[in-house]
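Presented below is the structure to which this report refers.
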Amino acid sequence: MNPNYYQGNADHPWHLSVGAVVINDKKEVCCHYFNEVTIKNDTFSNLHILMRETIEQGETLEQTLNRGLLEEFGVTGKIRTYVGSIKAEFPHKGKVVEKTTLYFLMDLINFDPSKRQNTDLESQSEIQWQSLDFLISKMKEQAIRLGRSDADESAVLERVENILNG
């Protein structure tokens, strides 16, 4: 089996994902909330993050978005537009992995949390619908508190806010 060259690891420290900002009819954003979660031996508390999914070999960006939304949230959505990317770095086995996430603004079509996959770490989250203002503020704060740039997706949310108010 060929390795997934989109997946970052200690020998290949570059990672590519897609992310989604799913908006409902109240202009609320679907997000994960973890009261406490352990990711690769680091424990984080009070964490809000958007859907981010690693691209699998042979998948289009759209296929990855649709798969990730269904697995993580039980959501189906329609892409409205691309809203840019965020590059972050995180430690992994003594090396620094560079992660680039391409984000898309998506309109909610259907929300059925019973369709979530219970095999992924994300299945441990509480799904929340939050305002853009709340999430922008929360993500800036948590990046500082946790010392992790990959915990701050506020720049993408600010772009979405400009599009929606626009």
Side-chain angles (χ1 to χ4, degrees), residues 15-40 42-55 61-62 64-91 97-166:
H15 186 101
L16 186 59
S17 294
V18 294
V21 181
V22 179
I23 300 287
N24 65 17
D25 58 359
K26 298 176 189 173
K27 292 188 179 181
E28 296 168 324
V29 176
C30 190
C31 66
H32 293 288
Y33 172 72
F34 294 95
N35 184 48
E36 185 172 285
V37 63
T38 301
I39 303 170
K40 296 179 182 173
D42 290 324
T43 299
F44 304 99
S45 60
N46 191 22
L47 179 66
H48 289 81
I49 58 173
L50 301 173
M51 187 287 294
R52 296 182 265 187
E53 187 67 40
T54 300
I55 301 166
L61 298 177
E62 295 84 357
T64 304
L65 279 167
N66 291 329
R67 177 177 56 80
L69 285 172
L70 199 57
E71 288 176 3
E72 293 189 22
F73 293 138
V75 160
T76 54
K78 181 180 177 204
I79 296 174
R80 187 183 299 192
T81 190
Y82 171 65
V83 290
S85 64
I86 292 179
K87 185 171 90 172
E89 296 180 342
F90 60 90
V97 175
E98 175 187 292
K99 179 178 181 178
T100 302
T101 305
L102 310 173
Y103 288 88
F104 294 83
L105 172 58
M106 301 188 70
D107 294 314
L108 175 67
I109 293 174
N110 189 45
F111 175 51
D112 182 355
S114 70
K115 293 187 177 182
R116 292 175 84 183
Q117 295 254 333
N118 61 2
T119 56
D120 290 339
L121 176 69
E122 290 84 1
S123 68
Q124 299 171 24
S125 77
E126 174 187 330
I127 300 170
Q128 294 185 351
W129 292 90
Q130 295 287 353
S131 72
L132 282 162
D133 288 342
F134 172 84
L135 285 175
I136 290 167
S137 173
K138 178 57 74 173
M139 288 185 176
K140 287 179 179 182
E141 174 275 323
Q142 72 190 17
I144 294 166
R145 176 174 46 85
L146 301 172
R148 299 266 311 229
S149 64
D150 57 333
D152 186 1
E153 297 169 289
S154 63
V156 166
L157 294 172
E158 288 169 340
R159 293 176 201 146
V160 167
E161 189 172 50
N162 289 335
I163 290 167
L164 296 178
N165 293 334

With Glu72, the side-chain hydrogen bond (donor to acceptor under 3.5 Å, both in side chains) member among Arg52, His32, Arg67, Arg116:
His32
Run the numbers on Glu158 and Lys140 for side chain to side chain contact (heavy atoms under 4.5 Å, CB included), then give the verdict.
CA-CA 11 Å; Glu158 288 169 340; Lys140 287 179 179 182; 2.8 Å; yes
Would you compute the distance between atom CG of Leu16 and atom NZ of Lys87 and round it to the nearest 0.5 angstrom?
12.5 Å
Sub-4.5 Å side-chain heavy-atom contact between Gln130 and Val29
no
Separation of Asp107 CG from Ile23 CD1 (nearest 0.5 Å)
8.0 Å
Using atom types as modelled and distance alone, determine if a side-chain donor or acceptor of Thr101 lies under 3.5 Å from a backbone N or O of Ser17.
no
Validation row: Val83, Leu157 side chains within 4.5 angstrom (heavy atoms):
no
Interatomic distance, CD@Glu28 vs CG@Leu132, rounded to 0.5 Å, equals 9.5 Å
Checking side-chain contact (heavy atoms from CB on, under 4.5 Å) against Phe44, which of Arg148, Glu36, Arg145 comes through?
Arg148
Quickly, which of Val21, Leu69, Val22 forms a side-chain contact (heavy atoms from CB on, under 4.5 Å) with Met51? Name it, please.
Leu69
Would you call Val160 and Arg80 a side-chain contact if the rule is heavy atoms closer than 4.5 Å?
no
Modelled atom types, side-chain donor and acceptor of Ser154 and Asp152, under 3.5 Å:
yes
Output for pair (Met139 CE, Cys31 SG), nearest 0.5 Å, gives 6.5 Å
Across all chains, not counting sequence neighbours, the ring pair (Phe, Tyr, Trp, His ring centres under 6.0 Å) partners of Phe111 are Trp129
Say whether, by atom type as modelled, one donor and one acceptor occur between the side chain of Gln142 and the main chain of Ala151 under 3.5 angstrom.
yes
Side-chain heavy-atom pair Leu65, Met106 within 4.5 angstrom cut-off
yes
Note: Glu153 and Ile86 closest approach over all heavy atoms is CA-CD1, 3.6 Å
Mind listing the closest non-hydrogen atom pair of Ala20 and Leu50 along with its distance?
O-CB, 3.8 Å
Could you tell me whether the side chain of Leu61 reaches within less than 4.5 Å of the side chain of Phe104, counting heavy atoms only?
yes
Residues that His48 engages under ring pair (Phe, Tyr, Trp, His ring centres under 6.0 Å), provided they are two or more places apart:
Tyr33, Phe134
Less than 4.5 Å apart, side chain to side chain, heavy atoms only: is that true for Asn46 and Asn35?
no
So OG1 of Thr76 and CG of Leu70: to nearest 0.5 Å the spacing works out to 7.5 Å
Can you give me the closest heavy-atom contact between Pro113 and Ile127, atom names plus distance?
CB-CD1, 4.2 Å
What's the separation between atom CG in Leu146 and atom OG in Ser45, rounded to the nearest 0.5 Å?
7.0 Å
